[in-house]
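Below you'll find the structure, written out as structure tokens, and then a few comments.
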Amino acid sequence: MSPDTRKIRFGVNLLGTGTGDQFRAQVQAVADSGADVVLVPDHLGLIGPMPALVAAAAQAPDLRIGNFVLNAPFYSPALLARDLATVDQLSGGRLEIGLGAGYVKAEFDAAGIPFGRPGQRVDHLEEVVDHLHVAFDDPAQAPPFVQSHPPIMVAGIGDRVLSLAARKADIVAFSNLPTDDVLADRVAHVRAEAGERFDALELNVIVFDLAVGREPDVTALRGANPDLDDAALRESVNILHGSAAEVADRINHLNETAGISYFTFIEPSQKDLDALAEVIGLVRG
């Protein structure tokens, strides 16, 4: 399947900073928007990823569920495989596994986990990915995964993480794309590393703000792009703004020119979810 013919999917990442009832209401709002996947992050101070996914699966039985993304160095591969298989069992086989190398040193310190060098963290990420691939097919895996191969997403932007994603993941998530040229460069890197498996990959973009009918908020992008002013940040691939029709056109353009077929929106408000529903309707005709 070529990238420009792959169905465009929409995910929503919920931070879970409120009560349990508020989280379940958010999940229901995501389902009502027409999105395909509800996801949760993995940071201290936010909702716990595994129980949150089980609750989300119960609240919205038609949605896929996933991590965006698990901090792989926090986990023993064997224990993580057990917990992910349990979530896959309890959701009836709707789990998508998202993994990253970790980047917030303060969280490692608070958890009492050594914050290794970047290369060490990527090594552990690869160890986790390799262990999961074995666990999927291991008859001794208990509990077993419902899906024969739950999709694995690996998120990042640097060469080494994207090379790992290209070779061993099913979904490649790009985390910081200040311009379309940077996106083109990163996709080209993934294509070169993936070789013949490139057309089977799903390419994902994180959307930090969906701003329909209002000025976009670029706060989340400033730290990673200190040399860019706000006007430049508004042109980031990770920001979608304009009318609903303009956002839908931008999504279709990114799909046609770069093969991006999966868009994940970070903690949209109810108003933004209403706008997302309109955008989804336009994209899907």
Side-chain angles (χ1 to χ4, degrees), residues 11-15 17 39-46 49 66-74 98-111 115-122 124-125 153-166 169 171-190 193 203-211 214-242 247 250-251 253-254 257-260 262-269 272:
V12 175
N13 198 39
L14 299 177
L15 305 185
T17 56
L39 306 108
V40 294
D42 184 18
H43 291 290
L44 292 182
L46 301 180
N67 317 104
F68 204 89
V69 288
L70 288 173
N71 189 343
F74 277 5
L99 298 166
Y103 62 94
V104 183
K105 183 179 184 299
E107 293 187 12
F108 283 77
D109 294 343
F115 186 68
R117 298 186 304 275
Q120 292 173 316
R121 300 198 305 275
V122 176
H124 188 80
L125 170 60
M153 169 195 287
V154 170
I157 200 63
D159 283 357
R160 189 170 174 207
V161 170
L162 290 182
S163 295
L164 167 60
I171 306 167
V172 181
F174 300 105
S175 58
N176 180 37
L177 301 164
T179 67
D180 285 25
D181 287 344
V182 172
L183 171 61
D185 174 79
R186 298 293 75 197
V187 171
H189 178 81
V190 170
E193 292 293 310
L203 305 183
N204 172 280
V205 162
I206 302 166
V207 180
F208 289 102
D209 192 34
L210 170 64
R214 62 173 174 81
E215 283 297 304
D217 181 357
V218 299
T219 303
L221 296 175
R222 287 197 187 109
N225 302 279
D227 297 331
L228 298 181
D229 61 22
D230 284 4
L233 291 174
R234 283 193 288 271
E235 301 310 309
S236 166
V237 180
N238 305 108
I239 297 285
L240 293 175
H241 61 96
V247 170
R250 175 67 166 155
I251 287 171
H253 173 76
L254 291 170
T257 59
I260 305 300
Y262 184 11
F263 295 81
T264 299
F265 299 83
I266 308 298
E267 189 74 357
S269 67
D272 292 339

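Small disclaimer: the values here were computed from a predicted structure and weren't measured.
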Can you check whether [X] reaches [Y] side chain to side chain, under 4.5 Å on heavy atoms?
| X | Y | result |
| --- | --- | --- |
| T264 | V12 | no |
| L177 | I157 | yes |
| N238 | V207 | no |
| I206 | I266 | yes |
| I260 | N204 | no |
| L183 | L254 | yes |
| M153 | L99 | no |
| L240 | I251 | yes |

task: State plainly whether the residues R222 and D229 are in salt-bridge range, i.e. N to O under 4.0 Å.
output: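 No, this pair does not count.
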- prompt: Is the closest basic N to carboxylate O distance between D217 and R234 below 4.0 Å?
  reply: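 Answer for the salt bridge query: no.
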I need the minimum non-hydrogen distance between [X] and [Y], along with the two atoms involved.
| X | Y | answer |
| --- | --- | --- |
| V154 | A169 | CG2-CB, 3.9 Å |
| P41 | L46 | CG-CD1, 3.8 Å |
| R121 | G116 | NH1-O, 2.5 Å |
| G119 | R160 | O-NH1, 3.1 Å |
| G102 | N71 | CA-OD1, 3.3 Å |
| E235 | R250 | O-NH2, 4.3 Å |

Who are the side-chain contact (heavy atoms from CB on, under 4.5 Å) partners of [X], not counting sequence neighbours?
| X | result |
| --- | --- |
| D185 | none |
| A111 | L44, I113 |
| D109 | K105 |

task: Can you measure from OG (S236) to CG (L228) and round to the nearest 0.5 angstrom?
output: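 Going from OG on S236 over to CG on L228, the span is 8.5 Å.
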query: Would you say the ring centroid of F208 lies under 6.0 angstrom from that of F265?
result: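 No, too far apart.
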query: Is the side chain of E193 donor-acceptor paired with the backbone N or O of A166 at a distance under 3.5 Å, no angle test?
result: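 Not at all, since once roles are kept as given, no pair shorter than 3.5 Å links the two residues.
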message: Determine whether a donor-acceptor pair (N or O, by modelled atom type, separation under 3.5 Å) exists between the side chain of H241 and the backbone of E215.
response: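 No: the side chain of H241 does not pair with the backbone of E215.
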query: What residue among L203, V172, V205, I171 forms side-chain contact (heavy atoms from CB on, under 4.5 Å) with Y262?
result: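 Exactly one option meets the side-chain contact (heavy atoms from CB on, under 4.5 Å) with Y262, and it is I171.
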task: Check the pair N67, D42 against side-chain hydrogen bond (donor to acceptor under 3.5 Å, both in side chains), reporting the backbone distance first and the verdict last.
output: CA-CA 8 Å; N67 317 104; D42 184 18; over 6 Å; no
